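Computed from a predicted model, the values in this text were never measured in an experiment. The analysis underlying the following values was restricted to heavy atoms, covering all of them including side chains, and did not include hydrogens, waters or symmetry mates.
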Amino acid sequence: MKLVLRALLGLAAALAAAGAAAGAEVRVAVAANFTEPAQEIARGFEAATGHRAVLSFGSSGQFYAQIANGAPFEVFLSADRERPQKAEAQGLAVAGTRFTYATGRLVLWSRTPGLVTGQSTLARGGFDKLAIADPKTAPYGLAAVETLRKLGLHRRLSPKLVQGASIAQTYQFASTGAAELGFVALSQVAGTRGGSRWVVPASLHSPIEQQAVLLKPGADDPAARAFLAYLKGPQARAVIRRYGYEAD
């Protein structure tokens, strides 16, 4: 009888542990350009593993500052490679866990049909406001500035630039008409009909290599490691490509 009772208690403990593991949460800091794919990936992750990804969205630079100051994120999905590298070098992330999860594309976009016809739209300058993300904190903003400089238009168009704190705010400026057009992430308009756009050639700016890394608070969290493993898997990669990113 005692053996049976012990077996039942052991089984109950095992089931409780499994249930706790299945219901675990992982806190993920996500670059704003990756909002929609991250939400879709999080749903697939929960369905596949039982774990839940709690997502926060913002600019990569702002997230890095928060992480450096002790914010309890467990996974960082940055819009660049520099900040995950820096986190790793400064002991804020777990060495050997950093990888590229997507390569982003920059697009010049307007909600107005026919307004954007290519780089000639910028050269003509027939607009009052051009939205970009803050190049100091948002990699897509830096790519926008690099593009303007490469085209020899940065000085001329600087008075017309309106900066968003993140690429999400930049898209909001352009989508509401607060700015006639804006440099946004292709992922933000991949499913949008209407308007006009020009996908900026990758040769006009540095690669937008978006990297993920496991942060120290998630080092011993199976759910955090499971999320990164899922992000590398075929289901997540299919979602990433569907939103206009390149994914190996």
Sidechain-backbone polar pair: Arg156 side chain, Ala123 backbone, donor-acceptor under 3.5 Å: yes
Working to the nearest 0.5 angstrom, can you tell me the gap between Arg81 CZ and Glu88 CD? 10.5 Å
Heavy atoms only: give me the nearest Val26-Glu74 pair and the separation to one decimal. CA-OE1, 3.4 Å
Side chains of Gln188 and Tyr140: do they bring a donor and an acceptor to under 3.5 Å? no
Minimum heavy-atom separation for Ala144 and Ile132, please, with both atom names. CB-CG2, 3.9 Å
Any ion pair linking Glu180 and Lys129 (charged N to carboxylate O, less than 4.0 Å)? no
As a quick check of understanding, evaluate side-chain contact (heavy atoms from CB on, under 4.5 Å) for Leu214 and Val75, giving each step before the final call. CA-CA 5 Å; Leu214 178 67; Val75 171; 4.2 Å; yes
Under 3.5 Å, is there a donor-acceptor pair between the Thr100 and Glu209 side chains? yes
Could you check if a side-chain atom of Val116 sits within less than 4.5 angstrom of a side-chain atom of Trp109, using non-hydrogen atoms only? no
Before giving the answer on side-chain contact (heavy atoms from CB on, under 4.5 Å), spell out for Asp80 and Gln211 the whole-Å C-alpha distance, their side-chain angles and the decisive distance to 0.1 Å. CA-CA 6 Å; Asp80 63 6; Gln211 291 202 338; over 6 Å; no
Can you find a heavy atom in the side chain of Trp198 that is under 4.5 Å from one in the side chain of Thr121? no
Can you confirm whether the side chains of Glu36 and Ser187 place a donor and an acceptor under 3.5 Å from each other? no
Smallest heavy-atom separation, Ala53 atom then Phe227 atom, equals CB-CE1, 3.8 Å
Atom CZ of Arg124: over 12 foreign heavy atoms under 6.0 Å: yes
Hydrophobic cluster identity match, Phe183 and Ile208, side-chain contacts under 4.5 Å: yes
Please check if the side chain of Lys136 supplies one atom and the backbone of Gly61 the other of a donor-acceptor pair under 3.5 Å. no
Tell me, with the steps shown, if Val145 and Leu161 meet side-chain contact (heavy atoms from CB on, under 4.5 Å). CA-CA 10 Å; Val145 169; Leu161 298 183; 5.5 Å; no
Taking the side chain as everything from C-beta on, heavy atoms only, tell me whether Leu77 gets closer than 4.5 Å to Leu55. no
Between the main-chain N or O of Val189 and the side-chain N or O of Arg197, is there a donor-acceptor pair closer than 3.5 Å? yes
Drop me the distance from Leu181's CG to Phe173's CZ, to the nearest 0.5 angstrom. 13.5 Å
Looking at every heavy atom in both Arg83 and Thr137, which two are closest together, and how far apart are they? NH2-CA, 3.7 Å
Check whether any side-chain N or O of Arg105 sits under 3.5 Å from a backbone N or O of Val200 as a donor-acceptor pair, and report yes or no. yes
If you round to the nearest 0.5 Å, how far is CD of Gln119 from CG of Leu153? 8.0 Å
Counting the benzene-type ring for Trp, do Tyr245 and Phe34 have ring centres under 6.0 Å apart? yes
Arg225/Val94 under side-chain contact (heavy atoms from CB on, under 4.5 Å): CA gap, chis, key distance, verdict: CA-CA 11 Å; Arg225 291 186 179 273; Val94 178; 4.2 Å; yes
Taking the side chain as everything from C-beta on, heavy atoms only, tell me whether Gln66 gets closer than 4.5 Å to Phe76. no
Where the side chain of Arg241 meets the backbone of Ala247, is there a donor-acceptor pair that is under 3.5 Å apart? yes
Looking at every non-hydrogen atom in both residues, tell me the closest pair between Phe45 and Ala223 and how far apart they are. CZ-O, 3.7 Å
Nearest heavy-atom pair of Ala102 and Ile240: which atoms, and what distance? CB-CG2, 3.8 Å
Measuring only between side-chain heavy atoms, which start at C-beta, is Phe73 closer than 4.5 Å to Leu92? no
Flag side-chain contact, heavy atom, 4.5 Å: Ser78 against Tyr64: no
What about Leu215 and Tyr101, same hydrophobic cluster or not, with Ile/Leu/Val/Met/Phe/Trp/Tyr joined at side-chain heavy-atom distances under 4.5 Å? no
